[in-house]
**Q** 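Following this message is one structure expressed as structure tokens.
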Amino acid sequence: IFKKEEAIVEEFYDLAIDNNNISISNFYLDEDNLLIIDKKNNQVYILSLEKKSFKKYQSSEIKQASLFALNNNEIYYYIKNKGIFKVSNEGKTKKIIENDKDWKEIIDLRFYNNNLYLLDKQADEIWKYLASTDGYGKKDSYFKPGQAVDFFLINSFSIDGSVYLAGDSLVFKYTSGLRDDFKVDLPEKQPSFNKVFTSKNLEKVYLWDKNKGKVYVIGKTGQYQEQIVSEIFKKGKDLVVYKNDIYALEGKKIFLVK
């Protein structure tokens with residue numbers, strides 16, 4: 001049973017209203033705040049999905065950064081061979097983690113309970129940094145011994161207390177560094193996941209297949225629930241989920257997908 005649903009799509013926010021020259025590559029969600037990345041213009045924006053209020057930050061280093069995150073309204077970004085930086089609410093930039101010789105290919109970063117997680121594809125690792133009053137402590141492997149998998153096909157991860165890894169047709173779930181008995185049985189063969197998304201506030205896990213223009217919705221124990229179909233999922237650059245609604249980035253606009 002496919003349980004296929006054609007989505008209802010409506011424009012949520014036109015970013016060109018604030019800057020017609022804006023060029024968005026991707027975004028990152030923290031609670032109801034959406035961090036929007038405009039590397040071309042060395043700018044990032046924070047958009048409240050509840051209030052539709054908008055803040056802009058500018059820095060010459062934004063263009064150099066490859067990854068961004070938002071935690072407690074503070075902006076974080078990663079610059080290859082330099083380290084992790086934080087932009088405070090006052091707009092001041094500070095390096096919080098030095099570049100590490102053990103880092104091989106950092107492709108994603110996430111926060112959970114203020115702790116920082118780095119997805120290192122080439123090292124087949126998730127590096128975990130515990131938050132402290134002075135910043136962040138030394139890194140540790142998230143995985144228990146012998147639990148990691150080959151990350152060759154992995155391109156995305158998400159955290160809700162457990163860690164979900166996805167890429168190609170693979171999905172893995174780990175809890176406290178141990179691999180769960182987690183199997184996703186989709187009604188279609190050979191999906192290709194561009195992103196996995198969930199959070200502690202969501203009861204479901206969302207798997208984006210851009211090639212097929214679909215988002216597969218599964219329960220947190222792996223059971224298939226439905227698939228949402230829309231052209232916006234083929235055209236879009238990125239998506240997040242807030243209160244079970246999907247927000248998709250396409251061009252200079254953010255669309256709400258229900």
**Q** Which residues pass the ring-ring contact (aromatic ring centres under 6.0 Å, His included) test with Y45, not counting sequence neighbours?
**A**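 Applying ring-ring contact (aromatic ring centres under 6.0 Å, His included) to Y45 gives F54.
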**Q** Check this for me: does any side-chain nitrogen of one of K243 and E50 sit under 4.0 Å from a carboxylate oxygen of the other?
**A**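 Looking at K243 and E50, the cut-off is met.
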**Q** Evaluate the side-chain proximity of Y224 to D185: yes if any heavy-atom separation is below 4.5 Å, no if none is.
**A**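 No, their side chains stay 4.5 Å or more apart.
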**Q** Return the minimal non-hydrogen interatomic distance between E6 and S230, and the atom names on each side.
**A**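 Result for this residue pair: OE2-CA, 4.1 Å.
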**Q** Report yes if the side chains of K40 and N21 come closer than 4.5 Å at any heavy-atom pair, otherwise no.
**A**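 Sidechains of N21 and K40: in contact.
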**Q** Would you say the side chain of I79 lies within less than 4.5 Å of the side chain of N99, judging by non-hydrogen atoms?
**A**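 SC-SC contact between N99 and I79 ruled out.
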**Q** Can you list every salt bridge (Lys or Arg N to Asp or Glu O under 4.0 Å) pair that touches residues 21-31, not counting sequence neighbours?
**A**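 Of all non-adjacent pairs touching residues 21-31, none passes salt bridge (Lys or Arg N to Asp or Glu O under 4.0 Å).
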**Q** Which Ile, Leu, Val, Met, Phe, Trp or Tyr residues join L165 in one cluster when any pair of side-chain heavy atoms under 4.5 Å counts as a link?
**A**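 Members alongside L165: I107, Y112, Y117, L119, I126, Y142, F143, V149, F151, F152, L153, I154, F157, I159, V163, L170, F172, Y174.
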**Q** Could you tell me whether D108 and R110 have a side-chain N and a carboxylate O separated by less than 4.0 Å?
**A**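 Judged by the 4.0 Å cut-off on N to carboxylate O distance, D108 and R110 do form a salt bridge.
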**Q** Is there a donor in the side chain of K4 and an acceptor in the side chain of Q227, or the other way round, less than 3.5 Å apart?
**A**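 Looking only at side-chain atoms, Q227 and K4 do not form any donor-acceptor pair under 3.5 Å.
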**Q** Do L186 and I218 come within less than 4.5 Å of each other through their side chains, counting heavy atoms only?
**A**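 Yes, their side chains come closer than 4.5 Å.
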**Q** Just wondering, are more than 12 heavy atoms of other shown residues or ligands nearer than 6.0 Å to NZ in K237?
**A**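 Yes, NZ of K237 has more than 12 neighbouring heavy atoms, counting only those of other groups under 6.0 Å.
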**Q** Please report the shortest heavy-atom distance between I228 and A7, naming the atom on each side.
**A**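 Shortest heavy-atom contact: CG2-CB, 3.5 Å.
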**Q** Check for a donor-acceptor pair, side chain of N155 on one end and backbone N or O of F193 on the other, with a separation under 3.5 Å.
**A**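 Between the backbone of F193 and the side chain of N155 there is a qualifying donor-acceptor contact (under 3.5 Å).
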**Q** Side chain of Q225, backbone of V217: donor and acceptor closer than 3.5 Å?
**A**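 No, because the side chain of Q225 does not come within donor-acceptor range (under 3.5 Å) of the backbone of V217.
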**Q** Is it true that a side-chain atom of N33 and a backbone atom of I46 form a donor plus acceptor pair closer than 3.5 Å?
**A**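 Flag not set: sc N33 to bb I46 has no pair under 3.5 Å.
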**Q** Going by the rule side chain to side chain contact (heavy atoms under 4.5 Å, CB included), which residues pair with D134 if we only count those two or more places apart in sequence or in a different chain?
**A**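 Checked D134 against side chain to side chain contact (heavy atoms under 4.5 Å, CB included); matches are S132.
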**Q** Can you give me every donor-acceptor pair (side chain of residues 247-258, partner residue at least two apart or in another chain, under 3.5 Å) with its distance?
**A**
| residue | atom | partner | partner atom | Å |
| --- | --- | --- | --- | --- |
| K252 | NZ | N20 | O | 2.4 |
| K253 | NZ | E11 | OE1 | 3.1 |

**Q** State whether the side chain of K52 and the backbone N or O of L47 hold a donor-acceptor pair below 3.5 Å, judged by distance alone.
**A**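 Flag not set: sc K52 to bb L47 has no pair under 3.5 Å.
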**Q** Going hydrophobic residue to hydrophobic residue with side-chain gaps under 4.5 angstrom, can you get from I62 over to I106?
**A**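 Hydrophobic grouping puts I62 with I106.
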**Q** Do N19 and N41 have side chains that approach each other closer than 4.5 Å (heavy atoms only, starting at C-beta)?
**A**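 In contact.
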**Q** Determine the minimum heavy-atom distance between S156 and N194, stating which atoms define it.
**A**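 Distance-wise, the nearest heavy atoms are CB-O, 4.0 Å.
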**Q** In chain order, what residues pass the side-chain hydrogen bond (donor to acceptor under 3.5 Å, both in side chains) check against Q223, with sequence neighbours excluded?
**A**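 So Q223 forms a side-chain hydrogen bond (donor to acceptor under 3.5 Å, both in side chains) with T221.
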**Q** Strictly distance-based, threshold 3.5 Å: is any side-chain N or O of S158 a donor or acceptor partner for the main-chain N or O of T198?
**A**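 Pair found, side chain donor or acceptor close to backbone of T198.
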**Q** I'd like to know if the side chain of K200 reaches the main chain of G161, judged simply by a donor and an acceptor atom lying under 3.5 Å from each other, with no hydrogens or angles considered.
**A**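 Checking the backbone N and O of G161 against the side chain of K200, no donor-acceptor pair under 3.5 Å is found.
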**Q** Would you say the side-chain atoms of N42 pair up with the backbone N or O of Q58, donor to acceptor, closer than 3.5 Å?
**A**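 Flag not set: sc N42 to bb Q58 has no pair under 3.5 Å.
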**Q** Atom NZ of residue position K56 - does it have more than 12 heavy atoms of other residues, nucleotides or ligands inside 6.0 Å?
**A**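 Check fails, neighbour count at 12 or below.
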**Q** Shortest non-hydrogen contact from L29 to V241?
**A**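 Closest heavy-atom pair between L29 and V241: CD2-O, 3.4 Å.
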**Q** Start with the C-alpha gap between F111 and Y76, add the side-chain angles, then the distance that decides, and say whether ring pair (Phe, Tyr, Trp, His ring centres under 6.0 Å) holds.
**A** CA-CA 10 Å; F111 280 90; Y76 294 76; 4.5 Å; yes
**Q** Using the rule that Ile, Leu, Val, Met, Phe, Trp and Tyr join whenever any side-chain heavy atoms are under 4.5 Å apart, tell me whether L15 and I232 fall into a single cluster.
**A**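 Yes, L15 and I232 fall within the same hydrophobic cluster.
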**Q** Which residue, Y78, Y77, F68, forms the ring-ring contact (aromatic ring centres under 6.0 Å, His included) with F85?
**A**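 Of all the options given, the one that passes is Y77.
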**Q** Is K39 reaching over with its side chain to a backbone N or O of A65, donor-acceptor style, under 3.5 angstrom?
**A**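 Looks like yes, one N/O pair under 3.5 Å.
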**Q** If only atom types and distance count, is the side chain of D100 paired as donor or acceptor with the main-chain N or O of D102 below 3.5 Å?
**A**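 Yes; at least one donor-acceptor contact below 3.5 Å.
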**Q** Verify whether one side chain among W127 and D120 offers a donor that lies under 3.5 Å from an acceptor in the other.
**A**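 Yes, D120 and W127 have a side-chain donor paired with an acceptor closer than 3.5 Å.
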**Q** Grab the two heavy atoms, one from L109 and one from Y28, that are nearest each other, plus how far apart they are.
**A**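 L109 and Y28 have their closest heavy atoms at O-CE1, 3.6 Å.
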**Q** Distance-only criterion, 3.5 Å: show the donor-acceptor pairs between side-chain atoms of residues 202-209 and protein atoms not counting sequence neighbours.
**A**
| residue | atom | partner | partner atom | Å |
| --- | --- | --- | --- | --- |
| Y206 | OH | N244 | OD1 | 3.3 |
| W208 | NE1 | F233 | O | 3.0 |
| D209 | OD1 | N211 | N | 3.2 |
| D209 | OD1 | K212 | N | 3.1 |
| D209 | OD2 | S192 | N | 3.0 |

**Q** For the residue pair D32 and Y242, what are the closest heavy atoms and their distance?
**A**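 Distance-wise, the nearest heavy atoms are CB-OH, 3.3 Å.
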**Q** Apart from L130 itself, what residues make up its hydrophobic cluster when side-chain heavy atoms of I, L, V, M, F, W and Y under 4.5 Å apart count as a link, directly or indirectly?
**A**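 Its cluster mates, by chain and number: none.
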**Q** Do the side chain of N113 and the main chain of N115 share a donor and acceptor less than 3.5 angstrom apart?
**A**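 It does not hold such a pair.
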**Q** Using side chain to side chain contact (heavy atoms under 4.5 Å, CB included) as the criterion, list what pairs up with S162, not counting sequence neighbours.
**A**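 Result, side chain to side chain contact (heavy atoms under 4.5 Å, CB included) vs S162: D160, Y164, K173, T175.
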**Q** Do K183 and V171 touch side chain to side chain, with heavy atoms closer than 4.5 Å?
**A**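 Of all side-chain heavy-atom pairs linking V171 with K183, none is under 4.5 Å.
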**Q** Does any pair with a residue in residues 72-84 pass salt bridge (Lys or Arg N to Asp or Glu O under 4.0 Å), and if so which ones, sequence neighbours excluded?
**A**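 Qualifying pairs: E74-K86.
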**Q** Residues sharing I17's hydrophobic cluster, by side-chain heavy-atom contacts under 4.5 Å among ILVMFWY, directly or via others?
**A**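 Reading the cluster by chain and number, I17 sits alone, since nothing else belongs.
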**Q** Are V240 and I24 in one and the same hydrophobic cluster, where Ile, Leu, Val, Met, Phe, Trp and Tyr link if side-chain heavy atoms are under 4.5 Å apart?
**A**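 Yes, one cluster joins them.
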**Q** What residues, two or more places apart in sequence or in another chain, satisfy ring-ring contact (aromatic ring centres under 6.0 Å, His included) together with Y136?
**A**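 Listed in chain order: nothing, the list is empty.
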